[in-house]
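Input: a single structure, listed below in structure tokens.
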Amino acid sequence: MPFGKYDPHPFSLEEQKKKIGEPQFRAGAKLEVFWDRINKIENTTNFNPVNPVQEDSASLCLCVKIPLADGNPDSRVYAYEVVVVGDGQKLHKVVYAAGCNMGIGHEPNGGVTELLIPKSNLPSGNTLAFSVCPITSLGTRGEPLSAKWTSPL
């Protein structure tokens, strides 16, 4: 613990931000976007224990797989800001990075973060633009990873 007078102090927020820099995705990293069905029991009054998955119990969601932003070894990703743009509409989401509470190298699923967005929450349009920006716990932001996706439905 450095005692004494320092200008600037090594533990000041600005100095820590300079030290860790911005989290970055590796070169060649890509987003994966696809439709997925999430099973849930919505109506338990008509629950059939023989066939626990009801026909209308699966809701259609868009799955976004975000690769680990480990391109800068001095910086560690804490969360991802996701922006989805459709026909003049935007959807903003922030999701914690998979394993942000674990040691480096012990992230589940290799550090790939999965975000599920219900179809009803998506902006309108068949073509959507995705932008994912990595963020550290100190608020520094890296370069975003972008992708365009066209719905096959």
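Numbers here are sequence positions counted from 1. Every heavy atom of this structure was used, including side-chain atoms; hydrogens, water molecules and symmetry mates were not. Just so you know, these numbers come straight off a predicted model, no measurement behind them.
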Set of side chain to side chain donor-acceptor pair (under 3.5 Å) partners for Ser120, sequence neighbours left out: none
Hphob cluster co-occupancy, Leu145 + Leu91, side-chain heavy atoms under 4.5 angstrom: yes
Counterpart residues, side-chain contact (heavy atoms from CB on, under 4.5 Å), relative to Ala79 (two or more places apart): Val94
Apart from Tyr78 itself, residues in the same hydrophobic cluster as defined by side-chain heavy atoms under 4.5 Å: Tyr96
Within residues 128-153 or reaching into it, pairs that qualify as ring pair (Phe, Tyr, Trp, His ring centres under 6.0 Å) - sequence neighbours excluded: Trp35-Trp149
Same apolar cluster: Leu31 and Val84, side chain cutoff 4.5 Å: yes
Separation of Asp74 CG from Glu22 CD (nearest 0.5 Å): 11.0 Å
Val132 side chain reached by Phe25 side chain, heavy atoms, under 4.5 Å: yes
Set of side chain to side chain donor-acceptor pair (under 3.5 Å) partners for Glu32, sequence neighbours left out: none
Tyr80-Val83 co-clustered via ILVMFWY side chain contacts under 4.5 Å: no
Side-chain donor-acceptor contacts of residues 133-143 below 3.5 Å, not counting sequence neighbours, with atom names and distances?
| unit_1 | atom_1 | unit_2 | atom_2 | d |
| --- | --- | --- | --- | --- |
| Thr136 | OG1 | Leu138 | N | 3.3 |
| Thr136 | OG1 | Gly139 | N | 3.3 |
| Thr136 | OG1 | Thr140 | N | 3.1 |
| Thr136 | OG1 | Thr140 | OG1 | 2.7 |
| Thr140 | OG1 | Gly21 | O | 3.0 |
| Arg141 | NH2 | Glu81 | OE1 | 2.2 |

Heavy-atom pair with the smallest gap, counting every atom of Ser75 and Pro23: OG-N, 3.2 Å
Residues forming a side chain to side chain donor-acceptor pair (under 3.5 Å) with Glu114, sequence neighbours excluded: none
All salt bridge (charged side-chain N to carboxylate O under 4.0 Å, His left out) counterparts of Lys90, not counting sequence neighbours: none
Stepwise salt bridge (Lys or Arg N to Asp or Glu O under 4.0 Å) test for Lys18 and Glu15: CA-CA 5 Å; Lys18 285 182 198 174; Glu15 289 301 307; 3.1 Å; yes
Backbone N/O of Glu14 and side chain of Gln16: donor-acceptor pair under 3.5 Å: no
Main-chain N/O of Ala98 paired with Thr113 side-chain donor or acceptor, under 3.5 Å: yes
List, one per line, each side-chain donor-acceptor pair under 3.5 Å for residues 60-70, sequence neighbours excluded.
| unit_1 | atom_1 | unit_2 | atom_2 | d |
| --- | --- | --- | --- | --- |
| Asp70 | OD1 | Arg26 | NE | 2.8 |
| Asp70 | OD2 | Arg26 | NE | 3.2 |
| Asp70 | OD2 | Arg26 | NH2 | 2.7 |

Partner set under side chain to side chain donor-acceptor pair (under 3.5 Å) for Lys30, not counting sequence neighbours: none
Val95 with Val112, same ILVMFWY side-chain cluster at under 4.5 Å: no
same_hphob_cluster(Val85, Ile117) at 4.5 Å side-chain heavy-atom cutoff: no
